[in-house]
**Q** 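One structure coming up, written as structure tokens, with questions to follow.
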Amino acid sequence: MDEKIMTAPASHDRQPDISVVVPLFNEEESLPELAAWIERVMRENGFTYEIIFVNDGSTDSSWDVVRSLADKNQCVHGVSFRRNYGKSPALNTGFARARGRVVITMDADLQDSPDEIPELYRMIAEDGYDLVSGYKQKRYDPLSKTIPTKLFNATARRVSGIRNLHDFNCGLKAYRSEVVKHIEVYGDMHRYIPYLAKLAGFTRIGEKVVQHRARKYGKTKFGLDRFVNGYLDLATLWFTGKFGGKPMHFFGLMGSLMFLLGFIAAAVVGGVKLYRMWHGLSYTLVTDSPYFFIALTMMILGSQFFLAGFIGELVARNSPRRNDYEIEDNI
Ligand code: UDP
Ligand code: MG
């Protein structure tokens, strides 16, 4: 990925308590206010911290603003993509650079409040959560967004099995640093980070009701296509989480069942004809029966599924990550 690195975090520094990762795309007006607010909260609570702004190819002066913020405060760092890749790639890049014990993500548009940071930090550091997701119980967004969001979260809860989350896609989240180092957020998968964490074996996932505010400057970067894509991504995660390493278990089962049903149906159609011929009864051609064609289609589809399973296995077998396991401890 193309990126300019402005201030590489100094590796000899002590590990800060908190890394705040902020993905941003055309948010020039909000940034100074956001940075000042985060700095004030950190100072008041005595946290050591770093802020990592990830500029996702902004076309306004956001990057210049980040530069000037970094000049004023050495805790402010920034990374800038050459073009716009999306919120997930921005988060992933921020996660790779974060050095803090606790990593907190926050949107750049001032819809999330930095005042939540101390309590989020406490829930990770003291209550032992791996991940705490914000829950915008009272939202300041248009109805066209809040109603589909409810449906979306209900589906995500069912599919992921994380029953206690109401707001998967909240931009304000806190993580134990291991979590962000062991998940890969790509495409549009930032909507499902709790699910990604669960698939990586981090199951202590909590929620905190957070304040939400209306967007003060600029406009939202996501349209209604977020819901279509959101559902497709959920299907992908469910499939890869369950069968990613063993695709034949999915395609093989589907294919065999389909082929078998088709085969039995074809045998019945053929059998009936032979029986009637044998007993001198009137009979029709097998091709006159619609069941014959249904049976044929099922056998063809069944074989296709089976072949997809073989191809899937070849792909999975060639993955360099096929033997990457999440190892928690070693003695
Ligand atoms: N964002 C980003 N890259 C994108 C789109 C959005 O980094 O391609 C950032 C954006 O600047 C903001 C956050 O992701 O900090 C959430 O975006 P937005 O506020 O538009 O989403 P909404 O609040 O409407 O869900
Ligand atoms: Mg927003």
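As the structure lists them, so they are numbered: ligands from 1, and atoms in each ligand from 1.
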**Q** Give me the nearest non-hydrogen protein atom to atom 18 (P) of ligand 1 as residue plus atom name, then the distance to 0.1 Å.
**A**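 For this ligand atom, the closest protein heavy atom is Arg215 NH2, 3.5 Å.
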**Q** Only heavy atoms of Asp56, strictly under 4.0 Å: list the atoms of ligand 1 that pass.
**A** 2 (C), 3 (N), 4 (C), 7 (O), 8 (O)
**Q** Give the residue, atom name and distance (to 0.1 Å) of the protein heavy atom nearest atom 22 (P) of ligand 1.
**A**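 Ranked first by proximity to atom 22 (P) of ligand 1 is Lys145 NZ, 3.5 Å.
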**Q** Between Lys87 and Asp107 (salt bridge meaning N to carboxylate O under 4.0 Å), is one present in this structure?
**A** yes
**Q** I need the nearest protein heavy-atom contact for atom 7 (O) of ligand 1: residue, atom name and distance, please.
**A**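 Here the nearest protein heavy atom works out to Leu24 N, 3.4 Å.
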**Q** Have a look around the Mg ion (ligand 2) and list protein N/O/S atoms under 2.8 Å, or say none.
**A**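 Result, waters dropped: Asp109 OD2, Gln111 OE1.
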**Q** Could you check whether Glu119 pairs with Lys208 (Lys NZ or Arg NE/NH1/NH2 to Asp/Glu carboxylate O, under 4.0 Å)?
**A** no
**Q** Only counting residues at least two apart or in another chain, list the ones meeting side chain to side chain donor-acceptor pair (under 3.5 Å) with Trp238.
**A**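 Counting only residues at least two positions away or on another chain, Trp238 forms no side chain to side chain donor-acceptor pair (under 3.5 Å).
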**Q** Just distances here: any N/O of Phe222 and N/O of ligand 1 closer than 3.5 Å?
**A**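 No; every N/O pair is 3.5 Å or more apart.
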**Q** What do the steps show when you test Phe251 against Phe259 for ring pair (Phe, Tyr, Trp, His ring centres under 6.0 Å), and what is the final call?
**A** CA-CA 12 Å; Phe251 291 107; Phe259 187 89; over 10 Å; no
**Q** Heavy atoms only, cut-off 4.0 Å: how does Glu27 contact ligand 1, side chain, backbone, both, or neither?
**A**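 Under 4.0 Å from ligand 1, Glu27 contributes side-chain atoms alone.
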**Q** Using salt bridge (charged side-chain N to carboxylate O under 4.0 Å, His left out) as the criterion, list what pairs up with Arg317, not counting sequence neighbours.
**A**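 Arg317: no salt bridge (charged side-chain N to carboxylate O under 4.0 Å, His left out) contacts found.
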**Q** What is the closest protein heavy atom to atom 9 (C) of ligand 1, and at what distance does it sit?
**A** Pro23 O, 3.8 Å
**Q** Compute both the distance and the angle, then confirm whether Lys138 meets the cation-pi test with Tyr140: under 6.0 Å from the six-membered ring centre, within 45 degrees of the axis.
**A**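 Because its charged atom sits under 6.0 Å from the ring centre and within 45° of the axis, Lys138 does stack over Tyr140.
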**Q** Report yes or no: does Met106 have a heavy atom closer than 4.0 Å to ligand 1?
**A**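 No; Met106 lies far enough from ligand 1 that no heavy-atom distance drops under 4.0 Å.
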**Q** Are any side-chain N or O atoms of Asp56 and backbone N or O atoms of Asn84, one a donor and one an acceptor, separated by less than 3.5 Å?
**A** no
**Q** Among all the protein's non-hydrogen atoms, which is closest to atom 25 (O) of ligand 1, and how far away is it?
**A** Arg226 NH1, 3.3 Å
**Q** For ligand 1, indicate whether the residue Asn84 contacts it via side chain, backbone, both or neither (heavy-atom separation under 4.0 Å).
**A**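 Under 4.0 Å from ligand 1, Asn84 contributes side-chain atoms alone.
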**Q** Hey, is Arg139 touching ligand 1 through its side chain, its backbone, both or neither, going by heavy atoms under 4.0 Å?
**A**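 Arg139 to ligand 1: no contact under 4.0 Å from either part.
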**Q** Decide whether an N or O pair under 3.5 Å exists between Gln111 and ligand 1.
**A**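 There is such a contact, yes.
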**Q** Students often mix this up, so state it plainly: with edges at 30° and 60°, are the rings of His279 and Tyr275 parallel, tilted or perpendicular?
**A**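 Rings of His279 and Tyr275: tilted, as their planes differ by 30° to 60°.
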**Q** Suppose we measure from atom 5 (C) of ligand 1 to each protein heavy atom; which comes out shortest, and what is that distance?
**A** Lys221 CB, 3.4 Å
**Q** How far is atom 19 (O) of ligand 1 from the closest protein heavy atom, and which atom is that?
**A**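 Result: Asp109 OD2, 2.6 Å.
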**Q** Over 60° means perpendicular and under 30° means parallel, so classify the ring planes of Phe222 and His190, tilted if in between.
**A**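 Rings of His190 and Phe222: tilted, 30 to 60°.
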**Q** Which word best sums up how the rings of Phe239 and Phe243 line up, parallel for under 30°, tilted for 30 to 60°, or perpendicular for over 60°?
**A**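 The rings of Phe239 and Phe243 sit tilted, inter-plane angle from 30° to 60°.
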**Q** Identify every side-chain donor-acceptor pair in residues 27-40 under 3.5 Å, counting partners at least two apart or on other chains, and give the distances.
**A**
residue, atom, partner, partner atom, Å
Glu27, OE1, Arg215, NH1, 3.1
Glu27, OE2, Arg215, NH2, 3.0
Glu27, OE2, Lys221, NZ, 3.1
Glu28, OE1, Ser61, N, 3.0
Glu28, OE1, Ser61, OG, 2.5
Glu33, OE1, Tyr217, OH, 3.0
Glu33, OE2, Lys216, NZ, 2.7
Trp37, NE1, Asp115, OD1, 3.1
Glu39, OE2, Asn73, ND2, 3.1

**Q** Which residue and atom name correspond to the protein heavy atom nearest atom 16 (C) of ligand 1, and how close is it?
**A** Asp107 OD2, 3.3 Å
**Q** Does the residue Gly86 have a heavy-atom contact with ligand 1, meaning some pair of atoms that are separated by less than 4.0 Å?
**A** yes
**Q** Judged by modelled atom types alone, do Gln137 and His166 share a side-chain donor-acceptor pair under 3.5 Å?
**A** no
**Q** Do Thr146 and Lys150 come within less than 4.5 Å of each other through their side chains, counting heavy atoms only?
**A** no
**Q** Does any N/O atom on Ala90 come nearer than 3.5 Å to any N/O atom on ligand 1?
**A** no
**Q** Would you tell me whether Asn323 and Tyr325 have side-chain atoms, one donor and one acceptor, within less than 3.5 Å of each other?
**A** yes
**Q** Between Phe81, Phe53, Phe25, which one has a non-hydrogen atom sitting closest to atom 1 (N) of ligand 1?
**A** Phe25
**Q** Answer yes if the side chains of Ser133 and Glu207 hold a donor-acceptor pair under 3.5 Å, and no otherwise.
**A** no
